[in-house]
Amino acid sequence: MNTAWHAQETDEAIEHLKSTTDGLTSEESRVRLARDGHNEFTATKGKSPFMMFLDQFKDFMIVILIGAALVAGATGEWVDAIAILSIILINAVIGFVQEYRAEEAIAALKAMAAPNALVLRDGKRSTLPASDLVQGDVVLLEAGAIIPADLRLLDTAALKVDESALTGESFPVDKGVETLAAETVVADRDNMGFKGTVVTYGRGRGLVVETAMNTEFGKIAQMLQEGEEAKTPLQKSLEVFGKRLALIVLALCGIFFGVGVFSGQPLLEMLLTAVSLAVAAIPEALPALVTVALALGARKLVQQNALIRKLPAVETLGSVTYICTDKTGTLTMNSMEVDTVYVAGKVIRAKDFEASEATENSHDPFLLAMALCNDADMDSNGEAAGDPTETALLVFAAAHGHAKLELEKTHPRVAEIPFDSDRKRMTTFHRRPDGSVFSVTKGAVEALQADETILAASNDLAVNGLRTIGVAIREWDALPENLDASAEEDLDLLGVVGLLDPPRAEAAEAVRTSQAAGIHVVMITGDHPGTAGNIARRLGILDEDGVVMTGSELSALTPEEFAAQVEDIRVYARVAPEQKLKIIQALQDRGHYVAMTGDGVNDAPALRRADIGVAMGITGTDVAKEAAHLILLDDNFSTIVNAIREGRRVFDNILKFLKYIVTSNSGELWTMFLAPLIGLPIPLLPIHILWINVVTDGLPGLALAAEPPEPGIMDRPPRDPKDSVFAGGMGIHIVWVGLLMGLVTIASQWLFLHDNDVHWQTMVFTILCLSQLGHAVA
Ligand code: ADP
Ligand code: MG
């Protein structure tokens, strides 16, 4: 029976778990981790290596072949039997090694994509794998976080949690810290946070009270075992193709067997030959090899900072026609710095601010507001931590005598309305030493009831590429009851800050590469249209005379009107996250394959809907990462473009491999078939055929999968996934090149037999092998 944590006072719970409000020391947590184990659900075991190895023999044709070889051995042909069995074994080992490597690569990716938690350890914020949490840890929660363990909440600020995964309740639940009656049911335990549920709004802090299988989610985790990894479109079509091919090959081998026996060949020998031919000619390993190629591609991508969460994404990457990307942090450096401010009717460069202040002396409220309405922190060494937009303001205010830490002592925060990208502003409420209350709101200038003059001033800053934040204040008689939009009205705008966030150096090049590759780059940002337009022009996303569409313009359009122009719009500004979904849908309706970036909690639906959802590894929330197909470990736009190049390479190589292997098999079939037809002896023994299969299928296949990209891989348009892999003449190639190999082989067989050379079979074997390897090189 679990403890009724919700019925304990917060300090009671903390004491119960021998913790503190600042969490555990790392030493103590190590002890507890060793004692209680990791905070993860006992995973279903993957296939053991031994089972994986056994699986290599479960193919029907292989079983027949083994049977036939054993019979041959029993009738005295034991040298042949042993040779055949050895070859089957070698084949199985190669297959096993490949599959094992792929599994390993996939497991490593999974481990890298495992969720983190923001924890207080040794009194400091640190980001740790959620599986390292132990009872007594103190966890920090913010919007977009997936709660990493069961928590008794210690403090909350407008905290809302979506518990639908646990309770089925679809509306987010308001959370608090009040102690509840012991009999309160799980769905009503509002002072608890449950593992696996999602913070949709606000902030909070909670004490880890249960981990792993002891959490509410852990108790039902058995029901939620992950399903099979979805197959990619290519794998699906290859499976269909493989089955069809297998039937054709079986039919041909059946005919071959029948004709042979009919014309007086020994039965067992014919059976062995026919089955060997079937084993060699049926590309049963194709789907597995595609997985190997995708998994190895994914492993390579990780080294380039692109973490694949869903394997099929590697393949889809090559088909992307639109990249819709954030601006801040993805195309820009996210290294914000105050460049210019607009205050008391004057535009002042940051470097001149000191001087002007001496004469002006009344910028104090502006600076004070900047410091207080701020969730970033600065330690005693002046090191700031938090969102770059906020730290820039914090540093600027501190540099001009308004340190947040000091100010909060005299003006404590008594309430807040957190930032979200729909409202594009945040508000904090403070009490002065004399008891009076005021609030500070900062955010997009349009969201602060600015007048024409201020809007124009802020626009001037924006068109020069600065990110603008307005800062406003309001006096209150008492703390308002309702902390909603009504508390963000009647504001007194103090000024506007213009932040410099330069474009990333490599971004312009990456944009050019995409455009050459037939991929359109679209910027979608919550920022001001002026800022967005300026940066987009500098990066070559927008022509000099191109226009920016704002979120409100977008919502005024009918779906038909929007559909008519969606392909031409390159920059969207001041959009709400929900509108990203609309943009994706409009593009997909026109047959496009869309990669979309996102970081916030509201971006998750768009990330899921996109053909490639791309989450930010550094600034992204848990929810965004969970929804994404691809995580950018460096938040960098050019990483997306590199990933697309890699996706195209992997796909190219799979096609090369496919073309090679099916053509080779066709060559073997032609040889074995045509020779008896024109009156020559059967060219090869079963063991030859099997050995050719080992030499020419597995290893050259792996080599082809590792081929470097073709030059010009990014100078051609994206591949339409609806195109058959046999489009572009591959089918004809397979037939005629195979026939050519067969004819060359048979011609040499005839030639050497004609000369009464006893080594004719050696020549047939060698020529068939070499013509296949020659084809691989070609
Ligand atoms: P993006 O990430 O596309 O630049 P955001 O949603 O982060 O867009 O920001 C949109 C707008 O919200 C910004 O232009 C700014 O005015 C405002 N904003 C952003 N961050 C903050 C913040 N921490 N506090 C207040 N306002 C903010
Ligand atoms: Mg942002």
Side-chain angles (χ1 to χ4, degrees), residues 142-144 203 324-336 338 342 369-377 384-394 396-397 404 416-428 439-448 450 454-455 458-459 461-463 465-472 488 491 493-501 503 522-536 548 550-551 571-580 583 596-603 606 615-616 618-621 624 635 637:
E142 46 194 26
R203 293 185 302 117
C324 298
T325 172
D326 281 340
K327 171 182 72 70
T328 312
T330 317
L331 292 167
T332 68
M333 317 248 278
N334 213 4
S335 62
M336 306 275 177
V338 176
Y342 173 82
M370 248 188 253
L372 285 178
C373 182
N374 201 313
D375 286 328
D377 289 311
D387 177 68
T389 304
E390 306 229 296
T391 49
L393 300 183
L394 201 67
F396 184 77
K404 178 184 174 189
E416 65 189 89
I417 312 177
F419 175 77
D420 73 55
S421 11
D422 281 319
R423 282 168 34 253
K424 299 187 171 48
R425 60 179 181 238
M426 65 180 274
T427 301
T428 56
S439 66
V440 195
T441 305
K442 80 175 196 305
V445 178
E446 305 94 291
L448 304 177
I454 297 185
L455 282 177
S458 134
N459 197 50
L461 298 180
V463 293
L466 299 178
R467 178 172 167 91
T468 55
I469 304 268
V471 182
E488 292 178 320
L491 304 172
L493 228 160
L494 300 171
V496 180
V497 189
L499 297 160
L500 189 66
D501 181 21
V522 173
M523 175 196 280
I524 303 182
T525 178
D527 227 333
H528 191 284
T531 320
N534 177 289
I535 304 275
V548 176
T550 63
V571 180
Y572 299 85
R574 288 292 191 233
V575 292
E578 292 75 26
Q579 294 182 310
K580 290 185 174 181
I583 299 171
M596 167 79 75
T597 69
D599 50 10
V601 55
N602 301 335
D603 290 331
M616 298 299 134
I618 304 170
T619 57
T621 56
D635 289 11
F637 174 77

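Values below: every heavy atom of this structure, side chains too, minus hydrogens, waters and symmetry copies. Sequence positions, counted from 1, serve as the residue numbers for this chain. When a ligand or atom number is given, it counts from 1 through the structure's own listing order.
- Close N/O approach between T525 and ligand 1 is found [any backbone or side-chain N/O within under 3.5 Å].
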### From CA spacing to verdict: side-chain hydrogen bond (donor to acceptor under 3.5 Å, both in side chains), T328, D501
CA-CA 8 Å; T328 312; D501 181 21; 4.9 Å; no

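- Contact atoms of ligand 1 toward A444: 16 (O), 17 (C) (distance under 4.0 Å to a heavy atom of the residue).
- Distances between N or O atoms of I524 and those of ligand 1 include no value under 3.5 Å.
- Residue contacts with ligand 1: R467 is placed with a nitrogen or oxygen under 3.5 Å of a nitrogen or oxygen of the ligand (distance criterion only).
- Interface atoms of ligand 1 facing E390, defined by a heavy-atom separation under 4.0 Å, are 22 (C), 23 (N), 24 (N).
- Every atom of ligand 1 is numbered from 1 in the order shown, and the set under 4.0 Å from a heavy atom of S421 is 6 (O).
- T531 does not count as a contact of ligand 1, since none of its heavy atoms falls under 4.0 Å from the ligand.
- The shortest N or O to N or O distance between D527 and ligand 1 is under 3.5 Å.
- Of the N or O atoms in G526, one or more lie within a sub-3.5 Å distance of an N or O in ligand 1.
- Residue-ligand proximity, K442 to ligand 1, at heavy-atom distances under 4.0 Å covers atoms 22 (C), 23 (N), 24 (N), 25 (C), 26 (N).
- Surrounding CD of E142 are at most 12 heavy atoms belonging to other residues, nucleotides or ligands under 6.0 Å away.
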